[in-house]
Amino acid sequence: MSKMTGLEQSQYHPLVGVPMATLKPKQVRKNIHLTLWEKLYVFEILRGLFVTGKHFFINLVGFVLPPAGKKRKVFTVYYPEEKVTLPAAYRGRPVLVAGANGAEKCVACGLCEKMCPAKAISIVGGERAGGERYPVSYTLDMARCVYCGYCEEVCPKEAIVMSSEYQGLAQRDRAILRYSKDQLLRSEESVKGRLDYIRRIYSKCSY
Amino acid sequence: MVADLIESIAKIVFVFSMNVGFFAPVLGWVERKQSALMQDRIGANRADILGFTAIGLFHSLADALKVLAKEDFIPAGANKFFHTVAPFICLVPAISTFAVVPFGGRYELFGHQVNLVIADLDVGILFVFALASLATYGVVLAGWSSRSNWSLLGGLRASAQMLSYEVAMGLTIIGVIMVFGSLRLTEIGALQENFFHWGIFLQPLGFVLFFTCAIAENKRVPFDIPEAESELVAGYFTEYSGLKFVMFWMAEFLEIVTISGIVTTLFFGAWHLPFVTDQMLLSWLQFAGANGAAFLAMLVNVATFFAKVIFFIWLQMSIRWTLPRFRYDQIMRLCWKMLLPLALVNILITGLVVLVL
């Protein structure tokens with residue numbers, strides 16, 4: 001088992017794979033026999049209270065009179081006003097990528113439809129005048145999507161990717177969550193980070 | 001006679017408004033904010049009136065409004081009478097226990113003796129225990145009458161825990177009573193005028209035991225097994241909503257205040273400032289005349305008492321947000337195999353010392 005883990009790790013690009021050292025479980029104290037001092041318990045409680053009390057007073061001062069030049073000691077994000085910058089690995093709702101001419105890259109091969117474990121995608125394929133295939137309609141039911149990213153992984157044309165969009169996905173009417181092709185279309189620049197990321201990781205996997 | 005009546009009414013109004021009007025809503029805010037600060041968070045800060053948030057204080061107001069608008073739900077098959085009456089049985093002892101806790105000494109104001117305690121019972125500490133036992137009924141009835149397994153388990157756990165810790169608590173307090181020679185809380189308070197006669201110096205072990213038992217009586221973390229959120233949803237008050245739910249919540253907060261008051265009275269010099277006797281305080285305040293000095297001394301003592309109470313509230317909140325929950329068997333073992341024998345040892349040692357000195 002451990003050999004397997006090592007192999008898998010070495011296959012990944014260093015930027016993608018998690019360094020092995022951080023995967024090691026932390027050293028846990030196996031000796032559960034407490035010393036007399038710990039058994040007395042009151043002093044250990046005082047030690048714990050000292051730790052939490054330190055945080056309490058540091059933050060109390062930090063709120064009322066923040067020392068000059070010190071950054072805020074709180075990691076809270078005030079959500080509607082502040083937003084976190086999501087990493088490229090974040091799987092938001094899937095979007096269709098538009099090519100250079102503004103039309104979707106999708107060739108309606110139906111792989112994503114076939115692959116989708118939640119059966120959220122339904123495609124009606126068609127043919128353009130030049131004989132090029134394209135999706136006449138591409139419907140993505142976000143009420144069913146499980147954000148697994150298989151559609152993106154299986155797509156031969158990089159035509160569907162997981163974007164970092166996560167808003168508007170809670171609605172009172174399920175019909176609203178059934179996205180059409182026009183609603184799904186995004187320009188290539190807007191999903192560039194994700195495209196770079198999937199090229200990096202999926203190129204390392206051999207099926 | 002009229003003066004007595006006015007004095008009593010003034011004291012009752014003061015204590016009631018202090019507890020129900022000030023401590024209960026503010027403690028809701030304190031619990032949120034203090035836990036936030038201890039965990040490097042910001043805490044509730046969104047409720048505002050005209051864009052003014054008052055560091056989250058309006059959340060208590062918003063809670064009150066929300067609760068008033070909520071449906072009062074009684075589950076099917078529940079015993080309606082006991083389900084309705086249980087929160088009252090819980091809340092009434094929590095409010096009325098403070099009646100015997102003195103929040104100041106005796107003062108001579110305009111020829112009238114003012115004694116800053118609502119009911120100066122000569123069995124004050126026993127009254128506290130009696131009411132603490134009554135609160136058990138509220139919890140057990142709430143758990144039983146809801147007809148829900150979560151509630152029933154919570155009620156059962158609460159009954160076992162509260163009864164067990166009452167025994168240890170009662171034995172702990174005997175040491176204090178032996179040292180001070182009185183059950184009257186005003187007398188115990190008055191005897192702690194000298195800093196080195198504070199209960200904490202005479203009964204250090206007693207303080208630790210009493211504080212532990214008191215937190216367990218109040219069913220707060222680390223002894224919150226009756227309401228254990230991760231196991232029993234909310235324990236004995238799972239099936240409550242609206243105002244009745246808030247009654248349990250208020251009872252818990254008022255018990256925090258009462259415990260702090262009793263701990264202050266028994267162990268931390270009640271209304272006395274350290275190293276300052278009543279005579280010294282009065283002589284320092286002589287510039288205001290005899291009545292003025294008494295009045296100012298009264299204010300200083302009441303402020304001192306409530307400062308101590310607020311400190312112990314802070315300490316209880318800190319303990320609540322520092323320690324993890326005990327397992328059920330650990331709670332019982334702590335009570336019967338550690339606190340109870342220690343309380344007995346405490347009585348023995350105290351008895352020997354009192355006998356020798």
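Below, chain A is the first sequence line, B the second, and so on; all start at residue 1.
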For [X], does the [atom1] atom have more than 12 heavy-atom neighbours from other residues, nucleotides or ligands under 6.0 Å away?
X: B:M338; atom1: CE; result: no
X: A:F57; atom1: CZ; result: yes
X: B:F129; atom1: CZ; result: yes

Inset, instruction - Using a 4.5 Å cut-off on heavy atoms from C-beta on, say whether the side chain of B:L315 contacts that of A:L49. - result: yes
Legend entry - B:L37 vs A:H55 side-chain heavy atoms within contact, under 4.5 Å: no
Legend entry - Distance, nearest 0.5 Å, that separates CD1 of A:I45 from OG1 of B:T322: 9.5 Å
Legend entry - Sorted by number, residues from residues 111-120 of chain A in contact with chain B (heavy atoms, under 4.5 Å): none
Inset, instruction - Determine, step by step, whether A:F56 and B:W314 satisfy the ring-ring contact (aromatic ring centres under 6.0 Å, His included) criterion, reporting the C-alpha distance in whole Å, the side-chain angles of both residues, the deciding distance to 0.1 Å, and the verdict. - result: CA-CA 11 Å; A:F56 175 76; B:W314 176 84; 5.8 Å; yes
